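One structure is given here, and the rest of the page talks about it.
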Amino acid sequence: MLEPVISHSKQDLTILIPGLNGSGLELGQLPRFLEAASHDVLIPEIPGFLFGSPASKFSSWVQELHQIIDAQKEIYSTVNLVGISMGATLATLVATQRTDISSLVLMSPVLKYDGWSVPFYRPILDFFYFLGVRNWEYSEREPFGVKNIDLRRRISEKFKTSKVSEVGAASISARHLHEAKGLMVSAKNNLQSLTCRLLIIQSVEDDACSVWSAEEILEHCKSEVRRVIWLGNSYHIVTIDNEREIVLNEVLNFVAQTSAVERHHFDPATSENRKVLKLRAGYE
């Protein structure tokens, strides 16, 4: 596990969660970008979820993340969760089960694989798994969740010599996908328990999942502060694609705003301040 860089002048920690069977490479420059702005970050090891270990039950992913947060809450008063793809889905479910998450940032959250590049036979694979045929893997293919053609070419070359890249692993096991399905269902069924500050960053051209997932979260969550950034020139892995600078800045701004709110700084985006402004307006 990467140890957080503890800054004595800051009280917030941002936990960054890559996608299913992925690695910190998927986060692009985001970890260093946050650290450069004096925010502590942690990319946790989640066995059975991240690249490098056989798939385990999704309930163990959830339990592991809870334990990581519990340990860090002894050090930090403010803990933010930031996830991409299935990492965002995992962060969502955990956030629905806690009241001490200060903010949640979801980049390309997945509640179902319904993007335009998902092959028509994808649901059939679930049927094979149900029948007991489970020794197959789903191989990544063009466009690899990336709209940038040059980057897509580099990723294709990298997969010739490496099993993992900036878009995750070259293939995902049947067990990983089966457990991810359970995670998606559980996250969707518990959205009404999501109450923390929320930022969603979603591409309208996402090749892995349509905007339905983001809209579903926005519609059913109970977060008083919620914001969505729609991207028009990226695919699924928004942290490394054409609009990565927008993503970096939006995540940093949201984390910084959360830190300010937790320190009781004025923030017009919070519900309490909106009520104060309304009361003032009523007396003028």
Side-chain angles (χ1 to χ4, degrees), residues 14-22 26-27 44 46-50 55-70 79-115 118 122-123 125-126 129 138 145 168 172-203 206 208-229 236-239 251 254:
T14 300
I15 298 176
L16 304 172
I17 310 170
L20 182 66
N21 204 28
E26 284 178 75
L27 300 167
I46 305 177
F49 175 77
L50 295 180
S56 55
K57 289 184 177 296
F58 81 87
S59 58
S60 70
W61 310 342
V62 174
Q63 182 180 8
E64 181 69 22
L65 186 52
H66 275 302
Q67 292 175 349
I68 291 168
I69 295 171
D70 289 341
V79 172
N80 310 300
L81 294 182
V82 178
I84 184 167
S85 188
M86 197 58 65
T89 311
L90 176 58
T92 299
L93 179 55
V94 168
T96 66
Q97 298 172 349
R98 305 182 70 104
T99 59
D100 57 355
I101 301 301
S102 296
S103 69
L104 176 67
V105 179
L106 307 177
M107 301 176 292
S108 310
V110 185
L111 294 182
K112 65 179 178 180
Y113 288 112
D114 60 349
V118 177
R122 172 65 186 82
L125 298 179
D126 293 329
Y129 191 93
Y138 179 82
I172 302 178
S173 71
R175 176 70 184 277
H176 273 109
L177 291 173
H178 175 73
E179 294 299 329
K181 185 176 181 180
L183 177 65
M184 289 186 283
V185 171
S186 186
K188 180 180 180 297
N189 291 342
N190 288 279
L191 289 175
Q192 69 280 357
S193 299
L194 186 61
T195 59
C196 62
R197 290 168 54 89
L198 174 65
L199 169 65
I200 297 178
I201 302 178
Q202 174 66 47
S203 169
D206 194 320
C209 62
S210 72
V211 299
W212 178 87
S213 293
E215 291 175 338
E216 188 78 359
I217 295 170
L218 288 168
E219 180 180 353
H220 295 288
C221 76
K222 302 301 181 183
S223 302
E224 290 192 10
V225 177
R226 65 187 84 173
R227 187 181 185 202
V228 60
I229 305 296
H236 190 60
I237 311 299
V238 296
T239 45
V251 174
F254 201 71

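Remember, predicted model here, so these are calculated numbers, not experimental data.
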Looking only at heavy atoms, the pair that brings Ala91 and Leu104 closest together is CB-CD1, 3.7 Å
Rounding to 0.5 Å, atoms CD1 (Ile200) and CZ (Phe254) come to a distance of 10.0 Å
Query raised in the report: Any side-chain heavy atom of Val82 sitting closer than 4.5 Å to one from Leu27?
Result: no
Taken in chain and number order and not counting sequence neighbours, the residues that satisfy side-chain hydrogen bond (donor to acceptor under 3.5 Å, both in side chains) with Thr195 are none
Student check: side-chain heavy atoms of Leu93 and Leu65 closer than 4.5 Å
no
(message) Any non-hydrogen side-chain atom of Met86 less than 4.5 Å from a side-chain atom of Phe49?
(response) yes
_What I'd like to find out is whether the side chain of Asp206 reaches to under 4.5 Å of the side chain of Val211, using heavy atoms alone._
no
Interatomic distance, OG@Ser213 vs NZ@Lys112, rounded to 0.5 Å, equals 7.5 Å
One should read off an interatomic distance between Ser210 OG and Gln202 CD, to the nearest 0.5 angstrom, of 7.5 Å
Applying side chain to side chain contact (heavy atoms under 4.5 Å, CB included) to Gln63 and not counting sequence neighbours gives Gln67
Those residues at least two apart in sequence (or on a different chain) that pass ring-ring contact (aromatic ring centres under 6.0 Å, His included) with His178 are Tyr129
Correct closest heavy-atom pair for Cys221 and Arg226 would be O-NH2, 3.3 Å
The complete set of side chain to side chain donor-acceptor pair (under 3.5 Å) pairs with one or both residues in residues 85-97, sequence neighbours excluded, reads His66-Gln97, Ser85-His236
The side-chain hydrogen bond (donor to acceptor under 3.5 Å, both in side chains) partners of Glu26 (sequence neighbours excluded) come to none
Can you confirm whether Thr239 sits close enough to Val251 that some side-chain heavy atom of one is under 4.5 Å from a side-chain heavy atom of the other? no
Below 3.5 Å, can you tabulate the donor-acceptor pairs from side chains in residues 180-194 to any protein atom, sequence neighbours excluded?
residue : atom : partner : partner atom : Å
Asn189  : ND2  : Val185  : O            : 3.3
Asn190  : ND2  : Ser186  : O            : 2.7
Gln192  : NE2  : Asn189  : O            : 3.2

Residues at least two apart in sequence or cross-chain that pass salt bridge (Lys or Arg N to Asp or Glu O under 4.0 Å) with Arg98, listed by chain then number, are Asp70, Asp100
Smallest heavy-atom separation, Ala88 atom then Gly83 atom, equals CB-O, 3.3 Å
Acceptor/donor pairs from residues 14-21 side chains to any protein atom, 3.5 angstrom cut, sequence neighbours excluded:
residue : atom : partner : partner atom : Å
Thr14   : OG1  : Asn80   : ND2          : 3.3
Asn21   : ND2  : Ser171  : O            : 3.0

In this structure, OG of Ser102 is separated from CG of Leu81 (nearest 0.5 Å) by 9.5 Å
Hits for side chain to side chain contact (heavy atoms under 4.5 Å, CB included) against Ser60, two or more places apart or cross-chain, chain-then-number order -> Ser56
TODO: Verify the neighbour count for atom CZ of Arg227: are there more than 12 heavy atoms of other residues, nucleotides or ligands below 6.0 Å?
DONE: no
What one should report as the nearest heavy-atom pair of Cys209 and Ser108 is SG-O, 4.3 Å
